[in-house]
Amino acid sequence: MDRLDPDERLDYDDGRLDYHTRLTVAATSTLRTVVHTGRRLTLLNRHAISARRGLILSGPAGTGKTTALTQFGKTIEAIDRRRHPGVGGRIPVVYVTVPPAATSRMLAVEFARFLGLPVTARANITDVIEAVCGVLIDARVSVVCVDELHNLSLTTRNGAEVSDTLKYFSERIPATFVYAGIDLEANGLFDGTRGRQIAGRFGVIETVAFPRTEEWTGLVTTLEQALRLHHHRPGTLEGLAHYLHDRTGGMIGSLSHLIRGAAIDAILDGTEKITRKSLQNVKLDRAAQARKPKRAS
């Protein structure tokens, strides 16, 4: 590192900064449960003609729902590539988010945008849905991931129509649908006739803040081992596991943000290490600080 000229050092540090913005994904118990349950559902649904079952991830913000959803999607895509090496034209996984105040057309356009399908202002919702369904059926899609489902409210006309559109997609497209959103049951997702239909077809995995257990310490250790800092002392963060739990409230998203932020600071200021003092300089979200999980008994 000391032998690098200024331009080479800048490129080297830029690469490490980019690396720490992503860092590693910790294989939490929740993530493993989502991947295992989702894979089981895809197998059970493989030859189903109707009544395919789905999965819902629900919990507070920062508890790893989107991470689990995307990692499940990556797992399915990797499996599909191994099963069909060198075969083009396949789209095994679709990932879309429900826009705020979404209408059924807005949701259909989100699917079209993911697929790269052109949508003109004159195209009506039926045209968009038919185009999306045709491409996904031809592309042998097996999993459809829908994030930010809390933006859908069954108590509004638009929300009810979005729910009906998702149901129509799930009936037309031979795939396993996986939803994720914040506190969905409390927000009324399972209320009323439409809600009961969803409850009858989807299993729910609740994501929660982590208690202060060995798994929490293991998560901290996993993130620490992924660091690429020249003067960081191994075991420092593991020794601060209780402090990190107090800072983040057991939120895996906040833990990742805190450690990645401190790592970026360590590169920018040249210290090349994370300490309790440097962690204190990283500001966290209010929710992480306000939520204090109970100790494991």
Side-chain angles (χ1 to χ4, degrees), residues 22 25-26 28 30-35 37-39 41-42 45 52-78 91-117 128-129 132 136 141-154 156 158-170 173 175-190 194-195 198-199 201-209 251-254 256-257 285 287:
R22 293 173 283 115
V25 175
T28 66
T30 299
L31 190 151
R32 289 192 294 269
T33 298
V34 170
V35 171
T37 304
R39 287 192 63 188
L41 281 174
T42 61
N45 289 335
R52 284 181 291 271
R53 302 288 175 171
L55 183 64
I56 291 175
L57 314 183
S58 176
T63 51
K65 297 178 297 300
T66 296
T67 298
L69 187 66
T70 54
Q71 287 302 306
F72 169 59
K74 289 179 180 179
T75 299
I76 295 301
E77 184 168 0
I91 306 175
V93 180
V94 169
Y95 176 90
V96 298
T97 60
V98 178
T103 64
S104 53
R105 188 181 189 280
M106 288 169 64
L107 179 67
V109 169
E110 287 295 309
F111 276 87
R113 183 178 292 115
F114 178 89
L115 297 171
L117 299 177
V128 179
I129 288 177
V132 167
L136 291 182
V141 65
S142 60
V143 169
V144 175
C145 299
V146 182
D147 206 352
E148 306 291 327
L149 200 69
H150 50 268
N151 287 330
L152 181 158
S153 173
L154 296 182
T156 67
N158 282 342
E161 291 177 351
V162 171
S163 176
D164 291 344
T165 301
L166 281 173
K167 184 173 183 292
Y168 181 76
F169 274 135
S170 69
I173 302 168
T176 298
F177 279 65
V178 184
Y179 300 155
I182 297 173
D183 298 330
L184 296 176
E185 185 169 6
N187 289 329
L189 183 67
F190 304 126
R194 288 181 175 85
I198 295 172
R201 294 177 53 242
F202 284 81
V204 178
I205 294 178
E206 298 284 350
T207 61
V208 297
M251 300 289 197
I252 183 63
S254 298
S256 175
H257 176 86
D285 55 281

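Numbers here are sequence positions counted from 1.
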Among all residues two or more places apart in sequence or in another chain, which pass the salt bridge (Lys or Arg N to Asp or Glu O under 4.0 Å) test with Arg194?
Asp164
Residues in side chain to side chain donor-acceptor pair (under 3.5 Å) contact with His150, at least two apart in sequence or another chain
Glu148
Excluding sequence neighbours, so at least two apart, what forms salt bridge (Lys or Arg N to Asp or Glu O under 4.0 Å) with Asp183?
none
Roughly how far, to the nearest 0.5 Å, is the CG atom of Leu189 from the CG atom of Leu152?
7.0 Å
Residue pair Val96 / Val94, side-chain heavy-atom distance below 4.5 Å:
yes
Within-4.5 Å side-chain heavy-atom neighbours: Cys145 and Val143
yes
Ser58 and Val204: which non-hydrogen atoms are nearest, and at how many Å?
CB-CG1, 4.5 Å
Side-chain heavy-atom pair Val132, Leu115 within 4.5 angstrom cut-off
yes
Of all residues at least two apart in sequence or in a different chain, which pass the ring-ring contact (aromatic ring centres under 6.0 Å, His included) check with Tyr95?
none
Taking C-beta and beyond as the side chain, do Ile76 and Thr42 meet within less than 4.5 Å on heavy atoms?
yes
Has Ser142 got a side-chain atom pairing as donor or acceptor with Pro92's backbone, closer than 3.5 angstrom?
yes
Rounded to the nearest 0.5 Å, what's the gap from NZ on Lys65 to CG on Leu184? Could you check?
8.5 Å
Residues that Ser153 engages under side chain to side chain donor-acceptor pair (under 3.5 Å), provided they are two or more places apart
Thr155
Just do the side chain to side chain donor-acceptor pair (under 3.5 Å) check on Thr103 and Asn158 with the steps written out, would you?
CA-CA 5 Å; Thr103 64; Asn158 282 342; over 6 Å; no
Can you tell me if Asn187 uses its side chain to pair, donor with acceptor, with the backbone of Ile182 under 3.5 Å?
yes
Would you name the heavy atoms of Ala209 and Met251 that are closest together and state the gap between them?
CB-SD, 4.1 Å
Checking side-chain hydrogen bond (donor to acceptor under 3.5 Å, both in side chains) between Thr207 and each of Thr28, Thr33, Thr67, Thr63, which is the one that passes?
Thr63
Drop me the distance from Leu57's CG to Thr30's OG1, to the nearest 0.5 angstrom.
9.5 Å
Sorted by chain and residue number, the side chain to side chain donor-acceptor pair (under 3.5 Å) partners of Ser170 (sequence neighbours excluded) come out as Arg201
Partners meeting side chain to side chain donor-acceptor pair (under 3.5 Å) with Thr75 (sequence neighbours left out)
none
Check the pair Asn151, Thr97 against side-chain contact (heavy atoms from CB on, under 4.5 Å), reporting the backbone distance first and the verdict last.
CA-CA 9 Å; Asn151 287 330; Thr97 60; over 6 Å; no
Set of residues satisfying salt bridge (Lys or Arg N to Asp or Glu O under 4.0 Å) with respect to Glu161, sequence neighbours excluded:
Arg157
Cut-off 3.5 Å, side chains only: do Asp147 and Thr66 have a donor facing an acceptor?
yes
Using 0.5 Å steps for rounding, measure from the OG atom of Ser104 to the CG atom of Leu166.
10.0 Å
Between CZ of Arg52 and CD1 of Ile173, what distance do you get to the nearest 0.5 Å?
9.0 Å
Using the test ring-ring contact (aromatic ring centres under 6.0 Å, His included), find all partners of Phe111 that sit at least two apart in sequence or belong to another chain.
Phe169
I need the single residue from Val146, Ile205, Ile198 that forms a side chain to side chain contact (heavy atoms under 4.5 Å, CB included) with Ile56. Which is it?
Ile198
If the condition is ring-ring contact (aromatic ring centres under 6.0 Å, His included), which residues does Tyr179 pass it with, not counting sequence neighbours?
Phe202
Give every residue pair that meets the salt bridge (charged side-chain N to carboxylate O under 4.0 Å, His left out) criterion with at least one member in residues 106-116, sequence neighbours excluded.
Glu110-Arg113
Quick check for you: to the nearest 0.5 Å, what is the distance between Thr176 atom OG1 and Phe72 atom CZ?
6.5 Å
For Glu77, which residues count as a salt bridge (Lys or Arg N to Asp or Glu O under 4.0 Å) partner, sequence neighbours excluded?
Arg81
